[in-house]
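Report on one structure; see the data block that follows.
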Amino acid sequence: MEDLNYQVDQLRVANERLSRDEKMLRLICDTSNSAFLYYSYADRRFQTVASWDHFFAFTVTEERDLDKLYACVEEQCVIPLREVLFIEKQKLRHQSIQVKLKDSHFRVEVEVRVVYDAAEQPTDKIVRFKDVTKASIQNDELTYLAYYDALTGLYNRNYFVRLVGEFIRRASEEPEPASVAVMFLNIDDFRRVNDGMGIIVGDELVQVFGQFLSGMMDDHVVVSHFSSDIYCIGIYDPRGARSVETFCEVIKERLKQPFVLSGGQKISITLSIGVAEYPEAAGSTLELINCAEIVMFKAKNMGKNEVLYYSGAILDEFIKNVSIENKLKDAVFHQNFIMYYQPQFHASDKKLRGVEALIRWKDDNGKMVNPSVFIPIAEKSGTIVPIGMWVIEESMRTYAGWRDRYDYPLILSLNVSAIQYKQQDFIEKLTELMQKYDISPAELELEITESVLIEDFAKITAKLKILRDIGIRISLDDFGTGYSSLSYLKGLPIDTLKIDKSFIDTVITDENTRIITESIIYMAKRLGYETIAEGVETEEQYRYLNEINCDHIQGYLLGKPMCAEKVAELLAGMTV
Ligand code: C2E
Ligand code: CA
Ligand code: CA
């Protein structure tokens, strides 16, 4: 009896231990984020364990239930899954695959283990289904971002460089001459879309245009979105035929129609395109892309909407400009600038009306650099801001000196670049200097060129209005070289029109120029503007301009740009 009691006790202890183990196992399974399928070879039965419901809406108890499993994975996963689950498959010990579930879009790692007895017969099989959706999507995204641009779905810059590098390698191994072209594309005036319509619209335009470009891709053509409004196309051309031209034609044809965005906006664009080809322009991918970019900038400078091919001359000019840009920065620091002043006269009596301040720059080697060369570079690099402030202060200081010595009503005309007008504190700084040198608004005239005005019309005209309300004269420089449209003049707060030298050059010899010049002066008068003729070099030009009622004359005939001392001499001889 005692023996029996002992055995019962033993059994109870064993049972308790068993249920404790079972509980522990269940807990481990439940928290493992997995489902398990257990198969016993002895009784040919399946058993599902743990989070089975997380994945499947059915259970598996016998072999034919496996078909339900195969039916719910994506097609390409069925065969691999059959291979690991197929019961008769011998000698499989451990394997792991990934499958996608059809409806839930779960990604599942399926891990299989088979246990064998001493006679190498399978006894148990355990299959674990683990949810790896999150990690796998993150992995996919990372892979995607490594190759593609998120906004357009085109190749990103890094991958593009690799692909073009591959093209170059292929071309270099080709027995026949082969070329690789890189087209560097930039949407003209993209900022106007972004600023005027908002960045969401800007982004959509970038996407829509990118979609159009992606249609050009094939085995020999790769398209990439570099950033904002910049795209690059790489073309492998085994025959050395210029297929770039064909692409340009296709693009040109498409751009004849506007792009329609989801909000219904229709946007027409033009492009500046730079093309550089291996092996002519460069031997490596990065150099090739660089060359194409430089050529694109040149195309942009030539007035946009242009396709330009690489040439050595473009590169030389670029290098020269970079060197000027660097020297300019130095010049700002050392202030190697001098101001010259060109007199302007009343046409009727040749009395002095005022002077236009014109900057001169002596570079390190003592060479005079023409402002037409360095001002555009300074505008691009932003150095025009400190240079322009120096011009204003230096001219005002000199002007105040003349005024203190000579009692002559003189107008000081200053060339001010659009970049300067755009500076937030421009008006504030200008008026501060006017106070410092005691210059009244009526003594000042600010010149602005027609072409730069067009770029940011609303913002700049708003500032011009403020300046004009203060009483400062505004003069429209180089009139006739930009829009050449009189209709937009009425929206401009200006006092003076400067008729460009190109008109004056041919006003005597060309009948059409005469008609235009006379019309400009007539219209300007009706609109209440003063007129100044620039670049008057001959007596004949002067007489004619005076006859057609041009108010003022500026040019080599009556006075070249001169240093401050020479202006003082001129003032000394003038009477009011
Ligand atoms: P601009 O404002 O149209 O200045 C007139 C230019 O024509 C000056 O050239 C002047 O020397 C030249 N010129 C005047 N009369 C005659 C003439 O009878 N015959 C000929 N052949 N040329 C004449 P410059 O001084 O070389 O200036 C060139 C341009 O550089 C200026 O054109 C202006 O756009 C820019 N610039 C000059 N100084 C400044 C400045 O201080 N600030 C800014 N932002 N731009 C400036
Ligand atoms: Ca000027
Ligand atoms: Ca001018």
Side-chain angles (χ1 to χ4, degrees), residues 324 328 331-332 335-345 353-362 367-399 411-423 426 430 433 444-453 460 473-482 494-508 520 531-542 545 550 552-564 566-567:
I324 291 179
L328 257 184
V332 177
Q335 303 205 331
N336 286 351
F337 301 110
I338 320 155
M339 288 315 297
Y340 267 45
Y341 303 89
Q342 185 176 30
Q344 298 169 336
F345 299 88
R353 176 224 188 220
V355 290
E356 177 180 3
L358 294 163
I359 192 169
R360 297 289 174 263
W361 173 35
K362 246 189 200 151
K367 233 176 63 199
M368 277 289 204
V369 186
N370 197 314
S372 316
V373 174
F374 73 81
I375 294 285
I377 297 172
E379 282 179 334
K380 238 179 260 149
S381 66
T383 19
I384 189 66
V385 176
I387 294 176
M389 260 356 265
W390 179 85
V391 166
I392 296 175
E393 170 139 29
E394 175 63 13
S395 307
M396 285 189 179
R397 196 181 59 77
T398 309
Y399 179 91
I411 292 170
L412 175 65
S413 284
L414 295 168
N415 289 290
V416 178
S417 138
I419 318 277
Q420 289 173 268
Y421 284 110
K422 279 189 226 165
Q423 298 296 304
F426 174 71
L430 182 81
L433 287 172
L444 263 194
E445 184 171 64
L446 300 183
E447 296 194 4
I448 180 146
T449 57
E450 197 186 1
S451 47
V452 284
L453 194 59
I460 295 180
R473 273 194 178 76
I474 306 292
S475 171
L476 189 58
D477 204 354
D478 303 342
F479 182 74
T481 55
I494 55 163
D495 304 270
T496 315
L497 260 191
K498 291 190 83 172
I499 304 164
D500 191 66
K501 182 177 178 295
S502 55
F503 289 93
I504 312 305
D505 283 345
T506 53
V507 84
I508 300 298
I520 291 175
T531 46
I532 303 185
E534 288 193 288
V536 180
E537 294 181 344
T538 68
E539 190 62 37
E540 219 180 343
Q541 289 167 344
Y542 161 69
L545 289 162
C550 178
H552 312 294
I553 301 291
Q554 182 179 351
Y556 290 178
L557 174 73
L558 298 178
K560 287 193 170 180
M562 54 186 83
C563 62
K566 285 270 188 284
V567 175

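This is a predicted model, so every value here is computed, not measured. Start at 1 and go down the list; that is how both ligands and their atoms are numbered.
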**Study point:** Geometric class of the W361/F374 ring pair [parallel <30°, tilted 30-60°, perpendicular >60°]
**Key:**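 Ring orientation of F374 relative to W361: perpendicular.
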
Between the protein and ligand 1, are there any N or O atom pairs that come within less than 3.5 Å of each other, and if so, what are their names and distances?
{"from": "ligand 1", "atom 1": "2 (O)", "to": "E356", "atom 2": "OE2", "distance (Å)": "3.1"}
{"from": "ligand 1", "atom 1": "2 (O)", "to": "N415", "atom 2": "OD1", "distance (Å)": "3.2"}
{"from": "ligand 1", "atom 1": "2 (O)", "to": "D477", "atom 2": "OD2", "distance (Å)": "3.0"}
{"from": "ligand 1", "atom 1": "3 (O)", "to": "D478", "atom 2": "OD1", "distance (Å)": "3.3"}
{"from": "ligand 1", "atom 1": "3 (O)", "to": "E534", "atom 2": "OE2", "distance (Å)": "3.3"}
{"from": "ligand 1", "atom 1": "15 (N)", "to": "Q342", "atom 2": "NE2", "distance (Å)": "2.9"}
{"from": "ligand 1", "atom 1": "18 (O)", "to": "Y556", "atom 2": "N", "distance (Å)": "2.7"}
{"from": "ligand 1", "atom 1": "19 (N)", "to": "E537", "atom 2": "OE2", "distance (Å)": "2.5"}
{"from": "ligand 1", "atom 1": "21 (N)", "to": "E537", "atom 2": "OE2", "distance (Å)": "3.1"}
{"from": "ligand 1", "atom 1": "22 (N)", "to": "Y556", "atom 2": "OH", "distance (Å)": "3.3"}
{"from": "ligand 1", "atom 1": "25 (O)", "to": "R360", "atom 2": "NH1", "distance (Å)": "2.9"}
{"from": "ligand 1", "atom 1": "25 (O)", "to": "R360", "atom 2": "NH2", "distance (Å)": "2.9"}
{"from": "ligand 1", "atom 1": "26 (O)", "to": "N370", "atom 2": "OD1", "distance (Å)": "3.2"}
{"from": "ligand 1", "atom 1": "38 (N)", "to": "I359", "atom 2": "N", "distance (Å)": "3.1"}
{"from": "ligand 1", "atom 1": "42 (N)", "to": "N415", "atom 2": "O", "distance (Å)": "3.3"}

Under a 4.5 Å cut-off applied to non-hydrogen side-chain atoms, are [X] and [Y] in contact?
{"X": "Q423", "Y": "V385", "answer": "yes"}
{"X": "L430", "Y": "L446", "answer": "yes"}
{"X": "P343", "Y": "Q554", "answer": "no"}
{"X": "Y556", "Y": "P561", "answer": "yes"}

For the backbone of [Y] and the side chain of [X], can you confirm whether one donor and one acceptor N or O come within less than 3.5 Å of each other?
{"X": "E379", "Y": "I419", "answer": "no"}
{"X": "Q541", "Y": "E537", "answer": "yes"}
{"X": "D478", "Y": "D500", "answer": "no"}

Review point. Looking just at side-chain N and O atoms, do S413 and E356 make a donor-acceptor pair shorter than 3.5 Å?
Key: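 Short answer, no.
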
Exercise for review: Please list, in chain and residue-number order, the protein N/O/S atoms closer than 3.0 Å to the Ca ion (ligand 2).
Suggested key: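 Less than 3.0 Å away from the Ca ion (ligand 2) sit E356 OE2, N415 OD1, E447 OE1, D477 OD2.
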
